[in-house]
Number of protein chains: 2
Amino acid sequence: MTEMELAAYRKKTRQSKVVDILTTKVACKECSLHQLCLPSSIDGTDLEKLDRIIERKRPLKRNEHLFQVGSKFSAIYVVRSGSLKTYSPTVDGQEQVTGFHLPGELLGLDAIGKGQHPCAAKALETTSICEVPFENLEHLTQELPTLQHQLLRLMSKEIYDDQELMLLLGKKTAEARLSAFLLSISLRFKQRGFSSTEFYLSMSRNDIANYLGLAVETVSRMFTRFQEDGIINAERKHILINDRKAMQQIAGMNNCCEEVASGDTQKSV
Amino acid sequence: MTEMELAAYRKKTRQSKVVDILTTKVACKECSLHQLCLPSSIDGTDLEKLDRIIERKRPLKRNEHLFQVGSKFSAIYVVRSGSLKTYSPTVDGQEQVTGFHLPGELLGLDAIGKGQHPCAAKALETTSICEVPFENLEHLTQELPTLQHQLLRLMSKEIYDDQELMLLLGKKTAEARLSAFLLSISLRFKQRGFSSTEFYLSMSRNDIANYLGLAVETVSRMFTRFQEDGIINAERKHILINDRKAMQQIAGMNNCCEEVASGDTQKSV
DNA sequence: TAAATAAGTTGATAAATGTCAATTTTATAC
DNA sequence: GTATAAAATTGACATTTATCAACTTATTTA
């Protein structure tokens, strides 16, 4: 890619739909709730019942909280558009980012057990949310076995995905972590019908570093290295993935993060 | 501690009940299923119903598998006595240990989503297991809202615990990881009514290192260091925790792994 | 019981990543 | 629009941990 082409690309990504994809409403069929209600032949009436208990909240502005640490658990949330990060305070007064949540993904499943949120959720940009009051949901699952099954599946998926991430954090080098992170984001966009090669990272380098257990400087250097090697083009938060195969090699995962088996979407490297 | 006292202690731990605690049957009230059925005032009839669907399997010998990677998911398992590790194969042909499972803890929750086990489970010693066929359990939860609630709580707890571990793996130094690991094991024994200061580690140093994302040598050195500093006494797999406060400091978690809020037990640093 | 194998420990060295500091670029506020 | 603050990048250096190799101690098998 020449400098001119690059400049043109940069200009394009600044304006194009790549950007406002994240501020666009997500249709229900691309949403996690789709997995939660539709797939196993749930019929119209049941879907309507589910729809009835869901509340649409006013959009959050950037840096607004959806919930705080320790706040009472009362609902599960689904991202309609925009994105959030979840984070916990650590002993030394720092915060530890525990996840990023893109359109169609759930938040709050980790709070059911204790009845209060173990982490806080903050919008990374203008973000709109569906709220699913948990008590109502629980009642409804009693009525609708399919819904219950879906809920269990989603929670299981979350456990599974967390374990995948543990593998990553436990073993890998800095470049493997970042590569796996980008592939994960890419896959999640793809699963929602967006481009998997060209997307916008709403979180800061700092958040990424924190999440991956690395220093900001290391993350920055890895971005630079990937760019130098021609594997990605990173114009600030706009990412273009040039060589997916190479990234899979680096991430040490030739098998996964490419095609995911079932109709599951969800969650968070 | 003098050399003589140490020798006496070592002799004692070799014989005492510390060892056979793990081979003793765990009463139902110390078991995870207790959380799953009893706590929210489930009555005798309901408990009986649950008890009826549970199958007790013959004990596994050391190194026998409870399930293999990719095997069909049909049941959740509870450890009655003994212990297991779960692990996944990685691209480079290695295995990655994803968890250790002590008496009263669950296995298999990560398999619900895909319908097959993403990891294998292998006994670390002679181990007996309760099998809870999942289909039956799901049906039963339709009948017993309390049971459903408990199941959701347990799964949520698993998600929460995994996230705790992610923090550990993502951020901490080698000594913080090992310290947190030992504290976690300690707490889990305590929650089951065993000693929290004196216990037997059924897993190898290799497994620990693998699990914590460290080299065996590093783990070995950390054990040595802790011992030199008088924080623990480690006679091979017999561990005596001398200075819990110091370990919490090292682990960077003065708050957690000491007293856990609710009646939850479960799961796995 | 001895031999063979596996697990664990220790030391020396190299590689990876964190830390500190300086600088540039971008975003925000007035 | 300019000033100010925040975020990102880059370089130099220190620290941590992995790797390789040798060796010791347990455990298993014949």
Let me know the distance between [atom1] of [X] and [atom2] of [N], rounded to the nearest Å.
X       : N       : atom1 : atom2 : result
N210(B) : dA18(D) : CG    : C1'   : 14 Å
E125(A) : dT28(C) : CD    : P     : 13 Å
L201(B) : dA26(D) : CG    : C1'   : 16 Å

Original post:
Residues in side-chain hydrogen bond (donor to acceptor under 3.5 Å, both in side chains) with Y160(B), at least two apart?
Top reply: none
Subject >> pair L84(B)-Y77(B): side-chain heavy atoms closer than 4.5 Å >> reply: no
Original post:
Taking the six-membered ring where the residue is Trp, are the ring centres of Y87(A) and Y211(A) under 6.0 Å apart?
Top reply: no
Original post:
Do other residues, nucleotides or ligands put more than 12 heavy atoms under 6.0 Å from K61(A) NZ?
Top reply: no
**OP:** Quick one, give me the B/S/- string for nucleotides 5-18 of chain C, reading 5' to 3', where B means a protein heavy atom under 4.0 Å from the base and S means that only happens at the primed atoms, P, OP1 or OP2.
**Re:** ---SBBBB----SS
Subject >> Least distance between heavy atoms, L124(B) atom then F100(B) atom >> reply: CD1-CD2, 4.1 Å
